[in-house]
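Working notes, beginning with the structure itself.
None of these values were measured; they are calculated from a predicted model.
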Amino acid sequence: MTIALIPGTFDPVTFGHLDIIERAARQFDEVVVAVVAAPAKPAALFDADERRAMLAEVTGSFPNVAVEVFGGLLADYALARGAAAIVKGLRAVSDFDYELQMAQMNYRLSRVETLFMPTAPEHSFLSSSLVREVARYGGEVSSMVPPEVARRLKERFAS
Ligand code: PNS
């Protein structure tokens with residue numbers, strides 16, 4: 001059985017992430033969406049359990065997708081889960097430099113390959129950070145995130 005790991009912060013999950021998850025689920029027997037517990041970035045809007053719960057809800061209809069929270073090195077987690085590959089979406093050339101560096105580091109640490117999947121063009125401008133910013137100021141994000149996520153964003157910024 002081939003397992004692919006799709007790691008990320010998912011703060012929150014967007015239609016761009018969902019598209020990559022769905023397409024990877026057609027290529028691998030099992031996809032594990034690996035939510036990083038403690039992101040390297042400034043404080044997350046949603047804690048790890050909230051990010052996991054949103055992902056579990058929006059991927060619930062995919063029978064071969066599981067959502068898990070991990071801590072520590074992704075390379076160690078990939079080995080522990082027996083992953084054949086790490087799958088990452090690439091939106092634009094600007095993503096490539098850092099993604100390449102991470103892919104090479106993860107390969108050095110674990111010998112697990114990273115496979116890049118081009119983001120669907122209709123989602124290529126989407127990022128969780130921009131979605132958070134638009135939602136923070138009351139902008140419409142319903143074409144960018146699933147309804148459950150839009151609802152949670154509204155709730156979070158109302159409080
Ligand atoms: O969605 P993001 O924020 O681009 O995801 C980044 C993520 C979670 C994939 C990366 O920060 C990561 O792998 N973190 C775990 C710690 C780790 O292994 N760091 C070394 C990466 S080479």
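- Side-chain atoms of Thr9 do not come within 3.5 Å of backbone N or O of Asp11 as any donor-acceptor pair.
- A salt bridge links Arg81 to Glu30: one of the charged nitrogens lies within less than 4.0 Å of a carboxylate oxygen.
- Taken together through direct or relayed side-chain contacts under 4.5 Å among Ile, Leu, Val, Met, Phe, Trp and Tyr, Val65 and Val149 form part of one hydrophobic cluster.
- Between Arg136 and Glu133, no side-chain nitrogen of the basic residue sits less than 4.0 Å from a carboxylate oxygen of the acidic one, so the salt-bridge criterion is not met.
- Side-chain contact check for Phe10 versus Met54: every heavy-atom pair is 4.5 Å or farther apart.
- Between Phe28 and Ile3, the closest heavy-atom pair is CD2-C, 4.4 Å.
- Using a 4.5 Å cut-off between side-chain heavy atoms of Ile, Leu, Val, Met, Phe, Trp and Tyr, with links allowed through other members, Leu5 and Val33 fall into different hydrophobic clusters.
- Using a 4.5 Å heavy-atom threshold, the side chains of Tyr107 and Thr114 count as separate.
- Taking CG of Leu73 as the start and OG of Ser110 as the end, the distance is 9.5 Å to the nearest 0.5 Å.
- Among all heavy-atom pairs drawn from Thr2 and Ala84, the shortest one is CB-CB, 4.4 Å.
- Taking every heavy atom of both residues into account, Leu45 and Arg156 meet most closely at O-NH1, 2.9 Å.
- Taking 4.5 Å as the limit, some side-chain heavy atom of Phe96 sits within range of a side-chain heavy atom of Phe116.
- Cluster membership check: Phe15 shares its hydrophobic cluster with Val87, using side-chain heavy-atom separations under 4.5 Å among Ile, Leu, Val, Met, Phe, Trp and Tyr.
- When all heavy atoms are compared, the tightest approach of Pro12 to Ser128 is O-OG, 2.7 Å.
- Looking only at side-chain heavy atoms (C-beta outward), Thr119 and Leu126 stay at 4.5 Å or farther from each other.
- A 4.5 Å side-chain heavy-atom check between Met102 and Lys88 finds at least one atom pair inside the cut-off.
- Within the 3.5 Å criterion, the main-chain N or O of Asp29 finds a donor-acceptor partner in the side chain of Asn64.
- Minimum heavy-atom separation, Thr14 to Ser127: CG2-C, 4.3 Å.
- Taking 4.5 Å as the limit, every side-chain heavy atom of Asn106 sits out of range of all side-chain heavy atoms of Val112.
- Under the 4.5 Å side-chain heavy-atom criterion for grouping Ile, Leu, Val, Met, Phe, Trp and Tyr, Leu100 is not connected to Met105 through any hydrophobic cluster.
- Distance OG/Ser143 to NE2/His123: 9.5 Å, rounded to 0.5 Å.
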Criterion side-chain contact (heavy atoms from CB on, under 4.5 Å) on Glu148 and Arg151, from CA distance to verdict: CA-CA 5 Å; Glu148 168 63 12; Arg151 187 186 65 73; 2.9 Å; yes
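- Within the 4.5 Å cutoff, the side chain of Leu153 has heavy atoms near those of the Phe46 side chain.
- The CG atom of Leu90 sits 10.5 Å away from the CE atom of Met117 when rounded to the nearest 0.5 Å.
- Under a 4.0 Å N-O distance rule, the pair Asp47/Arg51 does not qualify as a salt bridge.
- Connection of Tyr98 to Leu115 is not established within any shared hydrophobic cluster, with ILVMFWY side chains joined at heavy-atom distances below 4.5 Å, either directly or through further cluster members.
- Qualifying ring pair (Phe, Tyr, Trp, His ring centres under 6.0 Å) partners for Tyr77, counting only residues two or more places apart in sequence or in other chains: Phe70.
- The shortest non-hydrogen separation linking Leu18 to Pro146 is CD2-CG, 3.9 Å.
- Put simply, CZ on Phe157 and CZ on Arg152 are 14.0 Å apart, with the number rounded to the nearest 0.5 Å.
- Between Val69 and Asp49, the closest side-chain pair of non-hydrogen atoms is not below 4.5 Å.
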